Amino acid sequence: EVQLLESGGGLVQPGGSLRLSCAASGFVFNSYAMSWVRQAPGKGPEWVSGISGDGLSIYSADSVKGRFTISRDNSKNTLYLQMNSLRAEDTAVYYCAKGVEYFWTGLFDPWGQGTLVTVSS
Amino acid sequence: DIQMTQSPSSLSASVGDRVTITCRASQSINRYLNWYQQKPGKAPKLLIDAASSLQSGVPSRFSGSGSGTDFTLTISSLQPEDFATYYCQESYSTPYTFGQGTKLEIK
């Protein structure tokens, strides 16, 4: 069974930083693209960032480009999201999601339980 | 970016009803359309991909149709566990936009 367990969320001041982690199990981690998808309160999900199975191809949404960095450690079966220069509009539940192929295809299945990031002074 | 518009935004229905949710893309996306179900406090779950392909384990009362710009999700006979929020999402081009959601509530 695929399991994705996020951690690292919390309350941070505007301009601050956080690092999210996602521990994966139940599948061959380095064979699949992974993504971070966020969902602000009362809104639809938004794909934030994706990374290929080997970690060499990366996508970042315009809304986070230059501030967020996705990475993965295939030896630890772990996905990361380094978030810098956080803004109030980054407040959301952040989900780790498994792709269905080596590169991202826009399909996310399954998702982790999510970790809440709140940006507020 | 492709915009995805769902209607209605909320819907009240009873157990046993047949319900249809509509999703419209701002440009043609062929059949690159997916549906997710989200229950309160839980992560979204993929129900249907490629407009009509039911994921393993999803009950056959769920069905999807459409191509181009107009798509529908139909639940043939609502069950208590189906009351949730449903999102459509295009996987035609990045940033793989989601709709704003349709909240299905018990009448």
Side-chain angles (χ1 to χ4, degrees), chain A residues 1-7 9 20 22 24 27 32-52 57-65 68 70 79 92-101 103-117, chain B residues 1-10 21 23-26 29-58 64 71 73 84-105:
Chain A
E1 180 192 5
V2 173
Q3 292 196 345
L4 302 170
L5 185 61
E6 301 97 334
S7 61
L20 306 183
C22 171
F27 64 103
Y32 293 92
M34 296 295 294
S35 290
W36 289 99
V37 184
R38 70 183 179 184
Q39 188 171 27
K43 303 293 187 182
E46 175 193 14
W47 185 42
V48 170
S49 196
I51 187 168
S52 60
S57 296
I58 286 174
Y59 168 87
S60 290
D62 288 345
S63 57
V64 305
K65 201 167 289 184
F68 291 10
I70 191 172
L79 176 72
V93 175
Y94 285 72
Y95 295 99
C96 164
K98 175 183 168 292
V100 299
E101 295 184 15
F103 289 99
W104 51 83
T105 62
L107 282 178
F108 309 112
D109 182 41
W111 303 40
Q113 88 289 347
T115 188
L116 177 62
V117 173
Chain B
D1 296 356
I2 297 171
Q3 305 304 312
M4 305 301 294
T5 304
Q6 290 181 233
S7 60
S9 56
S10 64
I21 298 170
C23 178
R24 175 164 289 176
S26 61
I29 57 171
N30 294 331
R31 291 176 60 82
Y32 289 91
L33 191 283
N34 313 306
W35 291 98
Y36 294 81
Q37 176 193 63
Q38 186 176 32
K39 296 183 178 179
K42 300 294 187 182
K45 173 189 171 184
L46 180 63
L47 292 180
I48 289 172
D49 75 305
S52 61
S53 180
L54 215 60
Q55 296 301 292
S56 174
V58 175
F71 302 85
L73 171 69
T85 299
Y86 293 86
Y87 294 97
C88 65
Q89 178 231 356
E90 60 87 8
S91 52
Y92 180 80
S93 65
T94 59
Y96 301 143
T97 310
F98 289 80
Q100 82 281 10
T102 295
K103 186 174 184 179
L104 182 51
E105 299 174 304

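Quick note on labels: first sequence line is chain A, next is B, and so on, each numbered from 1. Everything numeric in this text was worked out from a predicted model, so none of it was measured.
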*Asks:* For the atom pair CH2 (A:Trp47) and CD (B:Gln89), what is the distance rounded to the nearest 0.5 Å?
*Replies:* 9.5 Å
*Asks:* My understanding is that only one of B:Tyr36, B:Phe98, B:Tyr96 makes a side chain to side chain contact (heavy atoms under 4.5 Å, CB included) with A:Pro45; could you say which?
*Replies:* B:Phe98
*Asks:* Ignoring hydrogens, what is the shortest heavy-atom contact between A:Trp111 and B:Ala43? Give both atom names and the distance.
*Replies:* CB-CB, 3.7 Å
*Asks:* Take atom OH of B:Tyr32 as the centre, draw a 6.0 Å sphere, and report whether it contains more than 12 heavy atoms from other residues, nucleotides or ligands.
*Replies:* no
*Asks:* Identify which part of B:Lys45 has an atom lying under 4.5 Å from any heavy atom of chain A, answering side chain, backbone, both or neither.
*Replies:* neither
*Asks:* Between atom CG of B:Leu46 and atom CG of A:Leu107, what is the distance when rounded to the nearest 0.5 Å?
*Replies:* 6.0 Å
*Asks:* Between A:Gly44 and B:Tyr87, which heavy-atom pair has the shortest distance, and what is it?
*Replies:* CA-CE2, 3.4 Å
*Asks:* Is B:Arg24 atom CZ crowded by more than 12 heavy atoms from other residues, nucleotides or ligands, each under 6.0 Å away?
*Replies:* no
*Asks:* Out of B:Ser93, B:Gly101, B:Gly99, B:Pro95, return the one with the most heavy atom pairs under 4.5 angstrom to chain A.
*Replies:* B:Pro95
*Asks:* Can you check whether B:Pro44 reaches A:Phe108 side chain to side chain, under 4.5 Å on heavy atoms?
*Replies:* no
*Asks:* How long is the span from the CH2 atom in A:Trp104 to the OG atom in B:Ser91, to the nearest 0.5 Å?
*Replies:* 14.5 Å
*Asks:* Using non-hydrogen atoms only, which part of B:Gln38 is less than 4.5 Å away from chain A: side chain, backbone, both, or neither?
*Replies:* side chain
*Asks:* Answer with side chain, backbone, both or neither: which region of B:Gln6 has an atom nearer than 4.5 Å to a non-hydrogen atom of chain A?
*Replies:* neither
*Asks:* Taking NZ in B:Lys103 as the centre, count heavy atoms belonging to other residues, nucleotides or ligands within less than 6.0 Å. Is the count above 12?
*Replies:* no
*Asks:* Once you round to the nearest 0.5 Å, how far does CG of B:Asp49 lie from CG of A:Asp109?
*Replies:* 8.5 Å
